[in-house]
Amino acid sequence: MPHSSIGTGLRPGGPPAVKQPATHASGRIIASYGRRGVLDPGDGTKRRYVLKGRRLKAVCGDLVEWTEQKDSPDALVTAVSERSNALERPDSSGKPELIAANLTRLLVMLAPAPEPDYFMADRYLCSAELMGATGLVIWNKTDIGPDIPEQVATYEGLGYDVLAMSCKLNEGLSQLENILVDGINMLAGQSGVGKSSLINALVADADAAIGELSEASGEGRHTTTASYMHELKAGGQLIDSPGVREFAPVIRDVQKVQAGFREIGRLANQCKFHNCQHLREPDCAVKAALEQGKVSLRRYESYKRLCNSVTMLLKQDH
Ligand SMILES: Nc1nc2c(ncn2[C@@H]2O[C@H](COP(=O)(O)OP(=O)(O)OP(=O)(O)O)[C@@H](O)[C@H]2O)c(=O)[nH]1
Ligand SMILES: [Mg+2]
Ligand SMILES: [Zn+2]
């Protein structure tokens, strides 16, 4: 190869040399909206990306491969690695829609205000069980409601970690930081419970990151409109997500709902019928435990509501 051709952009007799794209590099998706988003290449920078091809789907937490593009500064995502788990919800037509992937923990935040929607909390915890992520409950705003309500204490009784804190008073945050240090954590909960406030407290430059995101997506700044994965000061990642009222786990089989309610799943093998749904069957261990006060009536109501919505979804399919 003649030395003189280097740097001229021309090879004698051949087509113009193009800057050789970097071979495939890996990265982690930290924000996604449609075909575009932001990824972390792992070198302390952030890159905007676009997905290659119609079939690829990427969400927060996904590990991807990407290359440089000739005609754009944006990275081109060419492949998404196999996910260890995925958080999904049904879209408006009932089809599963991916929300986040590769989660270590799913944190459900509740507060004295807005009034807690325990059914929503149960649905998130059900998803955590089914996808194999650790479910955790956060009781925020202890400055306005210091006592953990009985319904929240119920989660503790089931073996979930329950953490009380106040973002406003900066109380209880370091305990949470210590739990989140390893892995990818996702924060879920009703609009207004304080998810973004917690992110602001635990992340060094959350505002900057959110600013970047709204710039790239054209959305406003305050109520969270898209998921964003933040790097925590103390280590670990935390995904902030918009408060969605209609969140539900994607379940296509009523028999599977009980696997998301650990106290119900545990009792199932003591029922008379192996396929007992714990609704109207005789000699049901779950109903017996309910009568003895060993299973919370509210949790059981959540279980029934979820069974009903799965049944409705299945009817829609036909
Ligand atoms: N009193 C009190 N208010 C809080 C606390 N944490 C957050 N807030 C307030 O609650 C309101 C909502 O907080 P956000 O952090 O925006 O709530 P969010 O969960 O991100 O809401 P969405 O983005 O809409 O889902 C704000 O006015 C916060 O200042 C707290 O510990 N105590
Ligand atoms: Mg928010
Ligand atoms: Zn039963």
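- Around the CZ atom of R305, the shell of radius 6.0 Å holds no more than 12 heavy atoms that belong to other residues, nucleotides or ligands.
- For the atom pair CG of L136 and CG of L107, the computed distance is 5.0 Å after rounding to the nearest 0.5 Å.
- Hydrophobic clustering (ILVMFWY, side-chain heavy atoms < 4.5 Å, transitive): L56 and L98 are in distinct clusters.
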Should T134 and T104 be marked as a side chain to side chain contact (heavy atoms under 4.5 Å, CB included) after you check the CA-CA gap, both sets of side-chain angles, and the distance that decides it? CA-CA 6 Å; T134 303; T104 312; 5.6 Å; no
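- Cation-pi geometry between R123 and F119 is met: under 6.0 angstrom from the ring centre, within 45 degrees of the axis.
- Q69 places a side-chain N or O within 3.5 Å of a backbone atom of D74 that can act as its donor or acceptor partner.
- A 4.5 Å side-chain heavy-atom check between L267 and V295 finds at least one atom pair inside the cut-off.
- Residue S241 comes nearest to A188 through the heavy atom pair OG-CA, 4.0 Å, listed as atom of the first residue, atom of the second, then distance.
- Grouping the Ile, Leu, Val, Met, Phe, Trp and Tyr side chains by contacts below 4.5 angstrom, directly or via other members, places L63 apart from L103.
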Evaluate L163 against I179 for side chain to side chain contact (heavy atoms under 4.5 Å, CB included), listing each step before the verdict. CA-CA 10 Å; L163 289 151; I179 294 176; 3.6 Å; yes
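- Residue K233 qualifies as enclosed at atom NZ: its count of foreign heavy atoms under 6.0 Å is above 12.
- Distance check, rounded to the nearest 0.5 Å: CG of L180 to CD of Q237 gives 10.5 Å.
- Note that the CD1 atom of I239 and the CE atom of M186 stand 6.0 Å from one another [nearest 0.5 Å].
- Proximity of V80 to I29: side-chain heavy atoms (C-beta onward) are nowhere separated by under 4.5 Å.
- Pairs engaging residues 132-157 under the salt bridge (charged side-chain N to carboxylate O under 4.0 Å, His left out) rule: none recorded [sequence neighbours left out].
- Counting only heavy atoms from C-beta outward, the side chains of Y228 and I199 never approach each other to under 4.5 Å.
- In this structure, the side chains of R83 and D62 come closer than 4.5 Å at one or more pairs of heavy atoms.
- Linking ILVMFWY residues whenever their side-chain heavy atoms come closer than 4.5 Å, directly or via other members, places V203 and L187 in the same cluster.
- A donor-acceptor contact shorter than 3.5 Å links the side chain of W66 to the backbone of S26.
- Residue Q151 comes nearest to Y118 through the heavy atom pair CB-CZ, 3.4 Å, listed as atom of the first residue, atom of the second, then distance.
- Using a distance-only test at 3.5 Å, with no hydrogens or angles considered, no donor-acceptor pair links the side chain of K46 to the main chain of V38.
- A continuous path of hydrophobic side-chain contacts links Y33 to L87 [ILVMFWY only; heavy atoms under 4.5 Å].
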Before giving the answer on side chain to side chain contact (heavy atoms under 4.5 Å, CB included), spell out for V310 and D253 the whole-Å C-alpha distance, their side-chain angles and the decisive distance to 0.1 Å. CA-CA 7 Å; V310 171; D253 173 359; 5.9 Å; no
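- For the residue pair S32 and C60, the shortest heavy atom distance occurs at OG-N, 4.3 Å.
- Here the closest heavy-atom approach between residue A248 and residue P90 is recorded as O-CD, 3.2 Å.
- Panel note: side chain W139, backbone P149; no donor-acceptor pair is recorded below 3.5 Å.
- The side-chain heavy atoms of S127 and L130, taken from C-beta on, include no pair separated by under 4.5 Å.
- Using a 4.5 Å cut-off on side-chain heavy atoms (C-beta onward), L110 and V193 make no contact.
- Looking at heavy atoms from C-beta onward, L198 lies out of side-chain contact with N140 at the 4.5 angstrom threshold.
- The structure places CD of Q277 at 13.0 Å from NZ of K304, a figure rounded to the nearest 0.5 Å.
- In this structure, E281 and C284 approach most closely via the heavy-atom pair O-CB, 3.7 Å.
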Show, in sequence, the C-alpha distance, side-chain angles and deciding distance for R262 and E129, and conclude whether the salt bridge (Lys or Arg N to Asp or Glu O under 4.0 Å) test is met. CA-CA 8 Å; R262 40 173 78 165; E129 297 286 331; 2.8 Å; yes
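- Within the 3.5 Å criterion, the main-chain N or O of D117 finds a donor-acceptor partner in the side chain of Q190.
- To the nearest 0.5 angstrom, E291 atom CD is 11.0 Å from L297 atom CG.
- Using a 4.0 Å cut-off between a side-chain N of Lys or Arg and a carboxylate O of Asp or Glu, D122 and R298 qualify as a salt bridge.
- For the atom pair CZ of F261 and OG of S296, the computed distance is 10.0 Å after rounding to the nearest 0.5 Å.
- Side-chain contact between V77 and R35 is absent, with no heavy atoms from C-beta onward closer than 4.5 Å.
- By the 4.5 Å side-chain criterion applied to Ile, Leu, Val, Met, Phe, Trp and Tyr, V50 is assigned to a cluster that also includes L76.
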Might you work through the side chain to side chain contact (heavy atoms under 4.5 Å, CB included) test for Y155 and R299, ending with a clear yes or no? CA-CA 10 Å; Y155 294 120; R299 288 272 296 172; 3.9 Å; yes
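- Without hydrogens or angle criteria, D40 side chain to R28 main chain gives no donor-acceptor distance under 3.5 Å.
- S166 places no side-chain N or O within donor-acceptor distance of the main-chain N or O of E171, the cut-off being under 3.5 Å.
- Hydrophobic cluster membership of V181, counting Ile, Leu, Val, Met, Phe, Trp and Tyr whose side-chain heavy atoms lie under 4.5 Å apart directly or via other members: none, as it forms a cluster of its own.
- Note: H278 and Y303 have tilted aromatic rings, judged against thresholds of 30 and 60 degrees for the angle between ring planes.
- A salt bridge is defined here as a Lys NZ or Arg NE, NH1 or NH2 lying under 4.0 Å from an Asp or Glu carboxylate O, and E68 with R47 meets this definition.
- A single hydrophobic cluster is not seen to contain both M131 and V59; linkage of ILVMFWY side chains at heavy-atom distances under 4.5 Å, directly or through other members, places them apart.
- Other residues, nucleotides and ligands place more than 12 heavy atoms under 6.0 Å from the CD atom of Q292.
- Minimum heavy-atom separation, G135 to Y160: O-CD2, 3.4 Å.
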